[in-house]
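Here's the structure, in structure tokens; my notes come after.
Just follow the structure's listing: the first ligand is 1, and inside any ligand the first atom is 1. These values consider heavy atoms only, across backbone and side chains, with no hydrogens, waters or symmetry-generated copies.
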Amino acid sequence: MLYKESFYAKEGLADIYHSVMEGNRITPEQGLRLLEHSNIQAVGALAHHVRMRKHGTNTYFVRNMHLNYSNVCIHPCTFCAFKRSSEQSEGAFIYSHDELLEQLAQEQAEFAEIHIVGGCHPTLSLEWFTSLVKKIKALQPQADIKMFTAVEIDHLAQIENIRIEDVLQALKDAGASMLTGGGAEIFAPRVRKQVCPTKLNAEEWLHVHSVAHSMGNLSNCTMLFGHIETIEERIDHLCRLRELQDKTHGFICFIPLPYQRKNNPLSSKVTTNDSYIDRMKTIAVSRLMLDNIEHIKAYWIMLGVKEAQSALYFGADDIDGTIVEEKIGHWAGANSSHALHIDELRFMITQSGFTPVCRNARFLAA
Ligand code: V47
């Protein structure tokens with residue numbers, strides 16, 4: 001429940017209270033003040049108010065499966081525990097089409113969403129992927145295929161020496177018309193230089209999404225937080241997503257990804273505290289800043305089930321899905337289970353006092 005105006009005045013947040021009540025945009029300076037504020041109830045209640053205004057108690061979940069085709073990747077991102085430098089490296093994998101189709105078939109389920117990502121493999125061709133998508137679509141025609149991060153799209157354009165548009169069109173023609181939100185990390189060049197020095201920069205990441213949106217595709221967006229970024233850099237990241245969304249309206253969901261510290265070299269450089277309070281405030285400020293993005297996801301894989309439930313009171317309205325098997329977060333130390341049954345997701349939501357709504361990748365009823 002929202003506190004009274006006098007409470008927010010006492011907390012030095014009266015101007016933000018009024019902006020939220022009147023449906024006005026939160027400025028970067030206000031976003032920063034919220035992130036710095038020590039009263040998380042005050043911040044959370046504002047985000048919850050916006051969440052209730054947008055969605056009421058509706059909370060979304062999806063019957064989905066993650067498929068990782070390979071973890072071989074040319075990039076040396078320091079936060080990543082998933083990547084291997086070559087097919088000969090210990091723990092490296094690359095699955096054939098048949099193996100991936102077998103993983104899918106084993107589940108004996110009709111998925112509403114299939115989420116496909118991997119590393120930037122040095123040689124896999126666009127044709128290898130489009131033919132995979134067609135085979136998956138033949139098996140699961142009802143599923144939305146949410147495929148690749150902007151990083152992989154950019155990589156394929158370079159490998160094939162074609163435009164971003166051409167990669168996206170080929171995938172769309174095959175049946176995959178939605179991008180995942182990964183690879184955004186933190187947009188600030190200072191941070192990228194240290195955490196993902198060889199990967200596409202902020203402008204290039206945003207460009208891939210803007211091209212996808214101009215083709216009528218939807219996409220998600222993320223922020224990897226809780227490592228070496230400052231809170232100013234978090235706010236800058238949110239503002240850049242908001243700016244693009246004002247122009248294209250193609251982002252459907254924002255996913256704040258809390259940094260997982262195991263098995264990756266960035267952990268020795270971390271300058272932020274690993275804190276529940278910080279994670280909840282960041283989710284709440286995301287809800288408040290991203291007034292033009294419909295959904296905020298509490299990704300149970302990286303938050304854990306209990307924090308994901310808590311996040312529903314800090315502005316989040318989606319908890320993702322059944323997943324089946326997840327490697328990126330788990331190999332970096334996420335200690336949630338690999339999969340949840342659809343009934344467990346429903347229970348997670350009702351137990352928290354919300355109303356479960358089963359969706360597909362485009363947030364249409366499924
Ligand atoms: O791109 C990598 C991040 C992303 C770590 O679009 C890490 O619906 C935390 O993007 N700690 C992959 N994060 C996950 C992702 C995602 C997940 C669920 C749904 C959607 C969606 C997207 O995870 C990577 C990278 O940004 N990541 N390593 C780590 N140690």
Side-chain angles (χ1 to χ4, degrees), residues 60-62 64-68 71 73 75-83 112-120 144-155 176 178-187 191-192 195-196 199-200 202 205 208-209 212 217-229 237 241 250-270 272 274 279 282 293-304 308 316 318-336 359-363:
Y60 299 87
F61 68 106
V62 57
N64 69 349
M65 178 168 183
H66 280 203
L67 281 179
N68 299 126
N71 61 347
C73 184
H75 294 295
C77 301
T78 58
F79 53 79
C80 186
F82 172 73
K83 150 268 163 63
E113 171 188 287
I114 299 174
H115 170 121
I116 307 174
V117 292
C120 288
D144 283 341
I145 303 201
K146 176 162 62 88
M147 185 163 182
F148 287 148
T149 64
V151 187
E152 290 157 287
I153 299 290
D154 182 71
H155 174 68
M178 192 164 165
L179 286 181
T180 76
E185 325 316 357
I186 289 282
F187 288 141
V191 176
R192 290 189 99 70
V195 308
C196 53
K199 223 154 73 171
L200 79 187
W205 189 96
V208 171
H209 283 264
N217 295 358
L218 290 173
S219 69
N220 289 341
C221 49
T222 57
M223 173 171 75
L224 168 56
F225 71 98
H227 44 94
I228 60 161
E229 83 289 359
H237 188 95
L241 292 173
F251 289 127
I252 187 142
C253 182
F254 173 72
I255 308 134
L257 296 168
Y259 169 56
Q260 312 289 312
R261 299 171 178 222
K262 297 238 171 82
N263 306 321
N264 62 80
L266 184 59
S267 57
S268 63
K269 306 266 181 340
V270 163
T272 58
D274 182 15
R279 285 189 285 279
T282 303
I293 299 185
E294 207 48 28
H295 300 282
I296 305 289
K297 180 178 299 189
Y299 186 37
W300 66 265
I301 287 279
M302 292 203 194
L303 286 167
D318 179 71
I319 56 166
D320 206 283
T322 45
I323 307 280
V324 182
E325 197 193 343
E326 200 281 337
K327 297 188 183 77
I328 298 173
H330 281 95
W331 288 14
N335 59 13
S336 50
R359 63 160 176 90
N360 64 14
R362 291 163 291 145
F363 282 81

Among all protein heavy atoms in this structure, tell me which lies nearest to [atom], with the distance rounded to 0.1 Å.
| atom | value |
| --- | --- |
| atom 13 (N) of ligand 1 | Leu224 CD1, 3.3 Å |
| atom 10 (O) of ligand 1 | Gly182 CA, 3.1 Å |
| atom 27 (N) of ligand 1 | Ile328 CG2, 4.0 Å |
| atom 6 (O) of ligand 1 | Gly181 N, 2.8 Å |
| atom 8 (O) of ligand 1 | Lys146 NZ, 2.7 Å |

Parallel, tilted or perpendicular: rings of His295 and Tyr60 (30°, 60°):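 Perpendicular.
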Ring geometry between His66 and Tyr299 (parallel below 30°, tilted from 30 to 60°, perpendicular above 60°):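 It falls in the parallel class, under 30°.
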Main-chain N/O of Ala81 paired with Asn264 side-chain donor or acceptor, under 3.5 Å: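 No, because the side chain of Asn264 does not come within donor-acceptor range (under 3.5 Å) of the backbone of Ala81.
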Return yes or no for this condition: an N or O of [X] is under 3.5 Å from an N or O of ligand 1.
| X | result |
| --- | --- |
| Gln260 | yes |
| Phe79 | yes |
| Thr222 | no |
| Ala184 | no |

Would you check whether [X] reaches within less than 4.0 Å of ligand 1, judged by its heavy atoms?
| X | answer |
| --- | --- |
| Gly183 | yes |
| Gly333 | no |
| His115 | yes |
| Lys262 | no |

Indicate, as side chain, backbone, both or neither, the part of [X] found under 4.0 angstrom from ligand 1 when only non-hydrogen atoms are considered.
| X | result |
| --- | --- |
| Ile301 | neither |
| Val151 | neither |
| Leu257 | side chain |
| Tyr299 | side chain |
| Cys77 | neither |

Could you pull out the closest heavy-atom pair between [X] and [Y], with the gap in Å?
| X | Y | result |
| --- | --- | --- |
| Trp205 | Gly181 | CZ2-O, 3.5 Å |
| Leu200 | Ala150 | CD1-O, 3.8 Å |
| Cys77 | Cys196 | SG-CB, 3.6 Å |
| Gly333 | Gln260 | C-OE1, 4.1 Å |

Against heavy atoms of [X], which atoms of ligand 1 measure under 4.0 Å?
| X | value |
| --- | --- |
| Tyr259 | 9 (C), 11 (N), 30 (N) |
| Asn220 | 6 (O), 8 (O), 21 (C) |
| Thr180 | 6 (O) |
| Pro258 | 9 (C), 11 (N) |

Criterion side chain to side chain contact (heavy atoms under 4.5 Å, CB included) on Cys80 and Trp331, from CA distance to verdict: CA-CA 9 Å; Cys80 186; Trp331 288 14; over 6 Å; no
Heavy-atom side-chain contact between Glu185 and Leu257 under 4.5 Å: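 They are not in contact (no side-chain heavy atoms under 4.5 Å apart), so the answer is no.
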Heavy-atom side-chain proximity of His330 to Ser336 below 4.5 angstrom: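 Side-chain contact under 4.5 Å: yes.
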Options Met223, Lys327, Glu185, ranked by nearest heavy atom to atom 25 (C) of ligand 1, top entry: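 Residue with the shortest heavy-atom distance to the ligand atom: Glu185.
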Check against ring-ring contact (aromatic ring centres under 6.0 Å, His included), His227 and Phe79: CA-CA 9 Å; His227 44 94; Phe79 53 79; 7.2 Å; no
Between CD1 on residue Ile145 and CE on residue Met178, distance to nearest 0.5 Å: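 Answer rounded to 0.5 Å: 12.5 Å.
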Check against side chain to side chain contact (heavy atoms under 4.5 Å, CB included), Asn220 and Lys146: CA-CA 9 Å; Asn220 289 341; Lys146 176 162 62 88; 3.8 Å; yes
